[in-house]
Amino acid sequence: PGDGCNCWIEPDETYTQISTSMWTESGGAGPDVDSFLGPITLGAGNNFSHYGTPYSSFYIQSKGTVAFGGGYIDWTPEGFPEATYNQIAGYWADTDIREQGSIYYKVTDEAVYVNFVDVDYFNATGANHFARSNSFQIIFTPDGSDFLGDDNVQLCYLDMGWAHGDVGGNGGFNGPT
């Protein structure tokens with residue numbers, strides 16, 4: 001773990017790394033930028049209650065979120081709780097893993113782990129791009145699990161080196177949203 005982060009769980013060989021060909025749907029700038037994977041089931045008989053609504057599957061968005069009830073492609077964050085999507089937003093931003101970074105996930109009976117490791121910001125293939133990386137993790141637990149104590153979601157931020165994509169921003173910073 002990095003300095004000050006004692007919640008990070010490093011992905012190992014039991015995790016699935018999402019490859020370019022695995023995305024269920026892509027749009028906008030294409031795979032590894034504007035994509036989602038799913039539905040991914042929580043396992044036999046497991047549900048996750050999101051604000052009182054139980055879900056038996058989830059979707060991983062390339063933009064740093066996990067959604068319930070359907071995947072989506074949207075790179076512009078919205079304020080909570082008015083956001084359009086049923087989601088857990090680890091870091092809803094304009095991520096880009098075409099040149100660097102990976103997204104991993106693991107589903108167990110006690111928890112779901114989704115790790116965004118060294119992900120870059122959009123536009124990673126641009127001529128004036130300065131590579132920076134963010135690493136963050138979403139853990140959520142099925143109903144009845146006490147893995148996280150009284151909580152059912154944990155967000156962990158290992159290293160955050162950028163704040164905004166190059167659409168409306170510059171060098172990973174200075175964007176309006």
Side-chain angles (χ1 to χ4, degrees), residues 1-13 15-38 40 58-68 70-106 112-140 153-177:
D3 294 338
C5 180
N6 61 5
C7 60
W8 180 261
I9 298 172
E10 190 70 30
D12 60 22
E13 67 279 351
Y15 281 68
T16 299
Q17 181 177 358
I18 299 173
S19 66
T20 302
S21 64
M22 289 174 65
W23 295 113
T24 305
E25 188 174 324
S26 295
D32 296 336
V33 180
D34 297 322
S35 307
F36 71 82
L37 173 67
I40 303 166
F58 65 98
Y59 298 76
I60 299 171
Q61 275 62 234
S62 61
K63 297 302 183 195
T65 68
V66 171
F68 303 94
Y72 66 89
I73 298 168
D74 191 344
W75 49 88
T76 305
E78 298 175 20
F80 288 100
E82 289 83 25
T84 305
Y85 313 105
N86 295 317
Q87 66 181 345
I88 301 168
Y91 191 71
W92 189 2
D94 206 2
T95 60
D96 186 337
I97 60 170
R98 292 177 293 178
E99 298 294 319
Q100 76 177 35
S102 299
I103 303 171
Y104 300 88
Y105 74 95
K106 178 169 88 169
V112 174
Y113 307 81
V114 182
N115 291 53
F116 294 79
V117 180
D118 295 327
V119 295
D120 207 348
Y121 63 92
F122 184 80
N123 182 13
T125 59
N128 297 319
H129 184 79
F130 180 77
R132 299 179 186 275
S133 66
N134 286 350
S135 293
F136 56 95
Q137 175 182 69
I138 300 167
I139 301 174
F140 64 97
V153 175
Q154 180 184 66
L155 305 176
C156 182
Y157 302 92
L158 181 65
D159 182 38
M160 303 301 282
W162 60 269
H164 198 282
D166 280 344
V167 174
N170 185 14
F173 301 101
N174 304 322
T177 56

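All values derive from a computational prediction rather than experimental measurement.
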Engineer: Could you pull out all residues at least two apart from D159 that satisfy side-chain hydrogen bond (donor to acceptor under 3.5 Å, both in side chains)?
Structural biologist: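 Here no residue qualifies.
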Engineer: About how many Å separate CG of L158 and SG of C7, when rounded to the nearest 0.5 Å?
Structural biologist: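 Output value for this atom pair is 8.5 Å.
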Engineer: Does the side chain of I103 come within less than 4.5 Å of I60's, by heavy atoms?
Structural biologist: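 Yes, their side chains come closer than 4.5 Å.
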Engineer: Is a side-chain donor or acceptor of T24 paired with a backbone partner of G38 at a separation under 3.5 angstrom?
Structural biologist: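 Such a contact is found between T24 side chain and G38 backbone.
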Engineer: When rounded to the nearest 0.5 angstrom, what is the spacing between NZ in K106 and CD in E13?
Structural biologist: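 Reported to 0.5 Å precision, the distance equals 8.5 Å.
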Engineer: Is there a side-chain contact between M22 and T16 (heavy atoms, below 4.5 Å)?
Structural biologist: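 With C-beta onward as the side chain, the pair touches.
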Engineer: Show the numbers, then the answer: is there a ring-ring contact (aromatic ring centres under 6.0 Å, His included) between F68 and F140?
Structural biologist: CA-CA 12 Å; F68 303 94; F140 64 97; 5.5 Å; yes
Engineer: Could you check whether any side-chain heavy atom of L155 comes within less than 4.5 Å of a side-chain heavy atom of F136, counting everything from C-beta outward?
Structural biologist: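 They are not in contact (no side-chain heavy atoms under 4.5 Å apart), so the answer is no.
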Engineer: Can you find a heavy atom in the side chain of F58 that is under 4.5 Å from one in the side chain of V112?
Structural biologist: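 F58 reaches V112 side chain to side chain.
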Engineer: Taking CG in D12 as the centre, count heavy atoms belonging to other residues, nucleotides or ligands within less than 6.0 Å. Is the count above 12?
Structural biologist: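 More than 12 heavy atoms, drawn from other residues, nucleotides or ligands, come within 6.0 Å of this atom.
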Engineer: Under 3.5 Å, is there a donor-acceptor pair between the side chain of N134 and the main chain of D118?
Structural biologist: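 Checked: no pair found.
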Engineer: Are side-chain N/O atoms of S62 and S35 paired as donor and acceptor at under 3.5 Å?
Structural biologist: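 No, S35 and S62 have no side-chain donor paired with an acceptor closer than 3.5 Å.
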Engineer: For Q17, what residues pass the side-chain hydrogen bond (donor to acceptor under 3.5 Å, both in side chains) criterion, not counting sequence neighbours?
Structural biologist: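 Per chain and number, Q17 pairs via side-chain hydrogen bond (donor to acceptor under 3.5 Å, both in side chains) with S102.
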Engineer: Taking C-beta and beyond as the side chain, do Y104 and I18 meet within less than 4.5 Å on heavy atoms?
Structural biologist: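 When only atoms from C-beta onward are counted, I18 and Y104 do not touch, as no gap falls below 4.5 Å.
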Engineer: Yes or no on side-chain contact (heavy atoms from CB on, under 4.5 Å) for L37 and Y105, after CA distance, side-chain angles and deciding distance?
Structural biologist: CA-CA 11 Å; L37 173 67; Y105 74 95; 3.8 Å; yes
Engineer: Please find the pair of heavy atoms, one from R98 and one from F122, that lie closest to each other, and give the distance.
Structural biologist: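 Reported closest heavy-atom pair: NH2-CE1, 3.6 Å.
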Engineer: Is there a side-chain contact between Y91 and W162, using heavy atoms and a 4.5 Å cut-off?
Structural biologist: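 The answer is yes, as the side chains (C-beta and beyond) meet within the 4.5 Å cut-off.
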Engineer: Has D166 got a side-chain atom pairing as donor or acceptor with G126's backbone, closer than 3.5 angstrom?
Structural biologist: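 No; judged by distance alone, with no hydrogens or angles, the pair does not exist.
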Engineer: Can you see which heavy atom on S26 is nearest to which on I73, and at what distance?
Structural biologist: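 In this case the closest contact between S26 and I73 is C-CD1, 3.6 Å.
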Engineer: Between Y72 and A67, which heavy-atom pair has the shortest distance, and what is it?
Structural biologist: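 Taking every non-hydrogen atom into account, CE2-CB, 3.7 Å.
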Engineer: Between K63 and D74, is there a salt bridge with N-O shorter than 4.0 Å?
Structural biologist: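 Looking at K63 together with D74, the answer is no, because their closest N to O distance does not fall below 4.0 Å.
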Engineer: Give the minimum heavy-atom separation between F116 and W8, together with the two atoms involved.
Structural biologist: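 Here F116 and W8 meet closest at O-CH2, 4.2 Å.
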Engineer: Considering all heavy atoms of both residues, which atom of V117 and which atom of P11 are nearest to each other, and what is their separation?
Structural biologist: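 Heavy atoms of V117 and P11 come nearest at CG2-CG, 4.1 Å.
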Engineer: Looking just at side-chain N and O atoms, do Q61 and Y85 make a donor-acceptor pair shorter than 3.5 Å?
Structural biologist: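 Result is no, nothing qualifies.
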Engineer: State, with a plain yes or no, whether a side-chain heavy atom of H164 is found less than 4.5 Å away from one of F173.
Structural biologist: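 Result no, sub-4.5 Å side-chain heavy-atom pair not found.
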Engineer: Mark yes or no for whether Q137, through its side chain, and Y113, through its backbone, hold a donor-acceptor pair below 3.5 Å.
Structural biologist: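 Not a single qualifying donor-acceptor pair exists.
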Engineer: Run through V119, D32, D34, D120 and flag the one making a side-chain contact (heavy atoms from CB on, under 4.5 Å) with T95.
Structural biologist: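 Only one option passes, and that is V119.
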Engineer: Is it the case that the side chains of D96 and H129 hold a donor-acceptor pair, with the cut-off being a distance below 3.5 Å and no angle test?
Structural biologist: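 H129 vs D96: no donor-acceptor pair found between side chains.
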Engineer: Quick check: closest heavy atoms across I97 and G101, and the distance to 0.1 Å?
Structural biologist: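 Taking every non-hydrogen atom into account, CB-O, 3.9 Å.
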Engineer: Applying side-chain hydrogen bond (donor to acceptor under 3.5 Å, both in side chains), can you list everything that pairs with Q100, at least two apart in sequence or on another chain?
Structural biologist: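 Counting only residues at least two positions away or on another chain, Q100 forms no side-chain hydrogen bond (donor to acceptor under 3.5 Å, both in side chains).
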